[in-house]
Amino acid sequence: MIEENKKQYDKMTRLALDVLSDYGFFCFPLDVFSLAKKIGMKLIPYSALTLEQYMTLYHEHDMKLGFTVSHSENGYIVYDTYYNDVDIQEPSQRFTIAHEIKHVVSEDFHKKYLTENDEALANFFAKSILAPQAVIIQEGLGSPEEYVERFRISLQSAEYCFAAAERRKSAFGETFLFNYEREFLEKTKKYG
Amino acid sequence: MKVFSERVKRLLQEKKLSQAELSSLSGVTAPSLCRYLRGDIEPRIDIVRNIARALGVSEAYLLGLDEECSVVDEKEELKQLVARNRHILTKEDKREIIALLYGEKDD
């Protein structure tokens, strides 16, 4: 079970770099809003809603951060992603969009309902796409504060990423990179 | 996923589009597009969707689930037309198109 879980998380790390490579995003902090649009998501900030709609979402449906709905338009499935820009800081808005990207690219919307594991994987994917471990290792970033500065993520996310990077360094060594990570870093040098 | 790459390649020929033009229309980088068309990796649903939209066909058709490429997106057809003919358009033609797009020549 633990091995299976680890495989799923490793898959997320790779998926994050694949998505960045497929759409040509090699600069950090990641312009996650442009990436989402390029993937085909329509982004709708809560500030564009009426006060009544906002209050309903926030209080009645407990949609405090954001959510995505899919529907058909001209024969194609389109995704409308609503995100809270009213009382949520920008780093957390970026995290919400990155989280929703995972649901879109993994076809999570075809599932009857999303499990806690689906949500945990989307959170992990969000951290991996906003602050890839390959970049952290290559640049030798040494503290959560440096992560915040480099990737424009919240301190909470940065602390999580920092702990994960430290665990990885103890397991594989300070500068170890997987082949697919090296390939991605090559592209950041070439196109970033 | 052989059917996906075969159908995309055939549509490129039919529509006289290059892979570089498809890359620009779909937003998928040229190296990634190349890998998907070579069949090195399976395309994700977002990749299939963006390529289908760019080619004006249904996702189901590209995936081999449907034999008819029924969806025709006029906007995408128009973009393809411009992409296909961009080499023969003069600067003046391009300026006129831009003026049309921005409503300076509504009549």
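All values reported here derive from a predicted model rather than from experimental measurement. Just so we're on the same page: letters track the sequence lines, and every chain starts at 1.
At a 4.5 Å heavy-atom cutoff, the contact between Ile47(B) and chain A is made by backbone and side-chain atoms alike.
There is no path of hydrophobic side-chain contacts, each under 4.5 Å, that joins Ile101(A) to Leu114(A). By the rule that hydrophobic residues join a cluster once side-chain heavy atoms approach within less than 4.5 Å of another member, Leu141(A) and Leu155(A) end up as members of separate clusters. One hydrophobic cluster holds both Leu17(B) and Val28(B) under the rule that ILVMFWY side chains link at heavy-atom gaps under 4.5 Å. No single ILVMFWY cluster, assembled from side-chain heavy atoms under 4.5 Å apart, contains both Val78(A) and Val48(B). Phe125(A) and Leu65(A) fall into different hydrophobic clusters, where Ile, Leu, Val, Met, Phe, Trp and Tyr are joined by side-chain heavy atoms under 4.5 Å apart, directly or via other members.
Closest of all the heavy-atom pairs between Thr29(B) and Tyr23(A) is CG2-C, 3.7 Å. What you find for Ser32(B) and Ser21(A) is that their closest heavy atoms are OG-O, 3.6 Å. Between Ile39(A) and Asn50(B), the closest heavy-atom pair is O-ND2, 3.3 Å.
Ranking Val19(A), Leu15(A), Asp18(A) against chain B, the residue ahead of the rest is Val19(A), based on heavy-atom pairs under 4.5 Å.
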